[in-house]
Each structure stands twice: as structure tokens, then as C-alpha cells.
Amino acid sequence: MILEVAILHIKSGLSLEFERAFDQAKSIIQAQKGFIDLQLKKCIEAEDKYILLVNWETIEDHTIGFRTSLAYQDWKILLHHFYDPFPVVEHYQ
């Protein structure tokens, strides 16, 4: 199992809108091959900051399967405009 970790800095004042969009977007990622589960946690100390934790069966399920899929384009449309700066995504085993 591989853990994807991303710290998400949301543009100031857009957290509620981001959370609504994420509620829509999570069904996209949940339908992907190799997806196991995810957690989105809001930071207590820093407003508009979140951590996204996604468990995948393999790193390729995320980096190749999901990121090169048409579904990822829908994910990007829903979420990527909220980030500033764009998050660094890392993988852990």
C-alpha cells in the first residue's frame, strides 16, 4: 500500500467553496483502480490549509492510472483553481 500526502493551501476565504467542490470530486478518485481510502483534514492552526491523505494499492495506480485518466481532468477542473501555491505531492510506504 502507498500513501499519497499533499498539503493543500487554499486561496484565502475559499475554504467552504473548496470543501463543497471536494465533496463532489472525491467520488471521482474513489472510483479509480487501486484507490483504497482517503482523508481530508483541515488544519487547526492555519485557516485555509488542509492535508490530503490517499491510500493506493500501488504508486502506479496514482501516478499513471489516475493522473493520466480522463477522470483526472474532471478532478483538476473541480479543485486545482483553489490552490496557492500548487501542492507538492509525495508518496510513502
Side-chain angles (χ1 to χ4, degrees):
M1 182 169 57
I2 299 297
L3 176 63
E4 168 196 356
V5 177
I7 304 296
L8 309 177
H9 295 272
I10 306 305
K11 293 175 184 172
S12 182
L14 295 180
S15 285
L16 288 177
E17 190 177 332
F18 166 74
E19 289 176 16
R20 284 189 220 111
F22 189 85
D23 280 341
Q24 292 179 305
K26 69 182 175 183
S27 65
I28 295 170
I29 198 170
Q30 290 169 332
Q32 299 305 300
K33 177 188 173 297
F35 171 86
I36 297 172
D37 62 17
L38 68 77
Q39 293 182 41
L40 178 69
K41 301 288 187 179
K42 186 172 177 60
C43 183
I44 294 170
E45 292 82 11
E47 191 173 345
D48 300 319
K49 183 177 180 183
Y50 297 78
I51 187 169
L52 175 62
L53 306 169
V54 184
N55 283 302
W56 296 94
E57 290 179 15
T58 69
I59 193 169
E60 293 81 11
D61 287 333
H62 177 231
T63 59
I64 298 170
F66 180 49
R67 283 192 179 163
T68 63
S69 70
L70 291 176
Y72 184 70
Q73 300 308 309
D74 295 333
W75 173 270
K76 284 173 55 173
I77 290 167
L78 283 169
L79 298 176
H80 285 196
H81 64 281
F82 287 106
Y83 307 142
D84 186 23
F86 195 79
V88 172
V89 177
E90 298 178 313
H91 299 90
Y92 297 83
Q93 54 182 4

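Quick caveat: nothing in here was measured; it's all calculated off a predicted structure.
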Atom pair CD/CZ of Glu17 and Phe82 - distance to nearest 0.5 Å: 4.0 Å
Inter-residue atom distance Asp48.CG - Ser12.OG, 0.5 Å rounding: 5.0 Å
Non-hydrogen atoms of Ala21 and Leu78 that approach each other most closely: CB-O, 3.6 Å
Minimum heavy-atom distance Ile59-Ile2, with the two atoms named: N-CG1, 3.5 Å
Candidate pair Val54 and Val5, rule side chain to side chain contact (heavy atoms under 4.5 Å, CB included), full reasoning: CA-CA 7 Å; Val54 184; Val5 177; over 6 Å; no
Trace of the side chain to side chain donor-acceptor pair (under 3.5 Å) decision for Tyr92 with Glu4: CA-CA 7 Å; Tyr92 297 83; Glu4 168 196 356; over 6 Å; no
Expected output: side-chain Lys11 to main-chain His81 donor-acceptor under 3.5 Å: yes
Chi angles and distances behind the side chain to side chain contact (heavy atoms under 4.5 Å, CB included) call for Leu8, Lys42: CA-CA 9 Å; Leu8 309 177; Lys42 186 172 177 60; over 6 Å; no
Nearest-0.5 Å distance that lies between atom NZ in Lys76 and atom CD1 in Ile28: 12.5 Å
Between Glu19 and Tyr50: side-chain donor-acceptor atoms closer than 3.5 Å: yes
Check: Arg67 and Val89 side chains under 4.5 Å, non-hydrogen atoms: yes
Shortest non-hydrogen contact from Gln32 toward Ser69: OE1-OG, 3.8 Å
Ile29 reachable from Phe86 in the ILVMFWY side-chain graph, under 4.5 Å edges: yes
Asp61 to Glu57 - nearest heavy-atom pair and separation: OD2-CB, 3.4 Å
Heavy-atom check, side chain of Asn55 versus side chain of Phe35, under 4.5 Å: no
Shortest non-hydrogen separation from His80 to Trp75 and the atoms involved: NE2-CD1, 3.9 Å
Greater than 12 external heavy atoms within 6.0 Å of Glu47's CD: no
Flag side-chain contact, heavy atom, 4.5 Å: Lys49 against Ile7: yes
Mutual orientation of the aromatic rings belonging to His62 and His91 [parallel < 30°, tilted 30-60°, perpendicular > 60°]: tilted
Inter-residue atom distance Leu53.CG - Leu3.CG, 0.5 Å rounding: 5.5 Å
Geometric class of the Phe18/Phe22 ring pair [parallel <30°, tilted 30-60°, perpendicular >60°]: tilted
Minimal non-hydrogen separation, Phe66 against Tyr72, with atom names: O-CB, 3.0 Å
Evaluation steps, side chain to side chain contact (heavy atoms under 4.5 Å, CB included), between Ile36 and Trp56: CA-CA 5 Å; Ile36 297 172; Trp56 296 94; 5.7 Å; no
